[in-house]
Amino acid sequence: KQEVTQIPAALSVPEGENLVLNCSFTDSAIYNLQWFRQDPGKGLTSLLLIQSSQREQTSGRLNASLDKSSGRSTLYIAASQPGDSATYLCAVSPFSGGYNKLIFGAGTRLAVHP
Amino acid sequence: GAVVSQHPSRVICKSGTSVKIECRSLDFQATTMFWYRQFPKQSLMLMATSNEGSKATYEQGVEKDKFLINHASLTLSTLTVTSAHPEDSSFYICSAYVTASTEAFFGQGTRLTVV
């Protein structure tokens with residue numbers, strides 16, 4: 001059974017720091033891995049999608065890497081800003097469930113203070 | 001990216017009543033939509049897969065008679081929580097995929113509170 005774990009559960013940093021959020025999954029048989037942002041009481045915003053054949057994806061200050069064989073992904077946030085404060089979720093699409101069924105981690109709650 | 005609209009964003013209802021939540025794909029057609037539930041400080045858990053024109057597929061442990069799903073058109077899926085109880089209070093959120101894409105797009109979510 002696929003399980004997704006995110007570390008740390010919570011993170012509080014001063015503005016300007018570079019951050020690394022970690023995601024691990026137990027079964028490497030995945031179609032892709034997706035990182036989302038969730039603001040309190042709100043829906044999910046897709047940040048980056050990494051296909052299983054890819055190693056990384058970049059969007060602005062965000063960079064996500066994927067090491068499928070070891071079951072790990074990292075989300076790197078450069079020069080963090082208070083507006084980055086949110087919960088960051090990673091999710092995988094397992095072969096067993098079809099590419100569009102997502103298994104989520106519990107998230108990392110990020111607080112960036114001025 | 002594609003837009004998925006979910007309504008209402010918040011609802012409070014009395015125990016024993018039913019609540020309907022709508023999920024619409026605004027600029028694309030979605031033959032399949034997904035309903036998730038999220039309890040406080042927990043991960044999103046898939047409840048069911050909504051298929052246009054056919055019965056929904058429910059995940060293990062989800063009561064199909066309590067959580068009624070209807071997907072009558074290519075742009076609309078509804079989730080009805082029947083005979084709601086306080087333990088049904090949660091955050092419900094839907095997602096959909098653009099055809100030939102593997103990127104999931106989510107609605108804004110619905111915060112259900114049963115009193």
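Predicted model only: the values in this text are computed from it and were never measured. Below, read A as the first sequence line, B as the second, and so on, with proteins coming before strands; counting in each chain starts at 1.
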For B:Tyr97 and A:Lys101, work out which heavy atoms get closest and say how close. OH-N, 4.4 Å

Check whether more than 12 heavy atoms from other residues, nucleotides or ligands sit under 6.0 Å from atom NZ of B:Lys66, and answer yes or no. yes

Region of B:Leu44 that comes under 4.5 Å of a non-hydrogen atom in chain A: both

Working to the nearest 0.5 angstrom, can you tell me the gap between A:Leu89 CG and B:Ser43 OG? 6.5 Å

Heavy-atom closest contact (A:Gly43 atom, B:Ile93 atom, distance): CA-CD1, 3.6 Å

Using heavy-atom distances under 4.5 Å, tell me whether B:Thr49 contacts chain A through its side chain, its backbone, both, or neither. side chain

Answer yes or no: are there more than 12 heavy-atom neighbours, outside B:His7 itself, under 6.0 Å from its atom NE2? no

Side chain, backbone, both or neither: which part of B:Glu59 has an atom under 4.5 Å from a heavy atom of chain A? side chain

Applying a strict 4.5 Å limit to non-hydrogen atoms, the region of A:Ile103 in contact with chain B is neither

Under 3.5 Å donor-acceptor, A:Ser46 side chain and B:Phe105 backbone: no

Considering only heavy atoms, which portion of A:Gln38 lies under 4.5 Å from any heavy atom of chain B: side chain, backbone, both, or neither? side chain

Are A:Leu47 and A:Phe104 connected into the same hydrophobic cluster when the rule is that any two of I, L, V, M, F, W, Y join if their side-chain heavy atoms are below 4.5 Å apart? no

How about A:Leu102 and B:Tyr36: do any of their side-chain heavy atoms sit closer than 4.5 Å? yes

If two hydrophobic side chains count as joined below 4.5 Å and joins carry through other members, does B:Phe91 share a cluster with B:Met45? no

Would a single hydrophobic cluster contain both A:Tyr31 and A:Val4, if residues Ile, Leu, Val, Met, Phe, Trp and Tyr are joined by side-chain heavy-atom contacts under 4.5 Å? no

With a sphere of 6.0 Å drawn around CD1 of B:Ile12, does it hold more than 12 non-hydrogen atoms of other residues, nucleotides or ligands? no

Among B:Gln38, B:Arg10, B:Gln6, the residue with the most heavy-atom pairs under 4.5 Å to chain A is B:Gln38

Establish whether B:Leu46 and B:Phe106 are linked, either directly or via other cluster members, by ILVMFWY side-chain heavy-atom contacts under 4.5 Å. yes

ILVMFWY network linking A:Trp35 to A:Leu49, side-chain heavy atoms under 4.5 angstrom: no

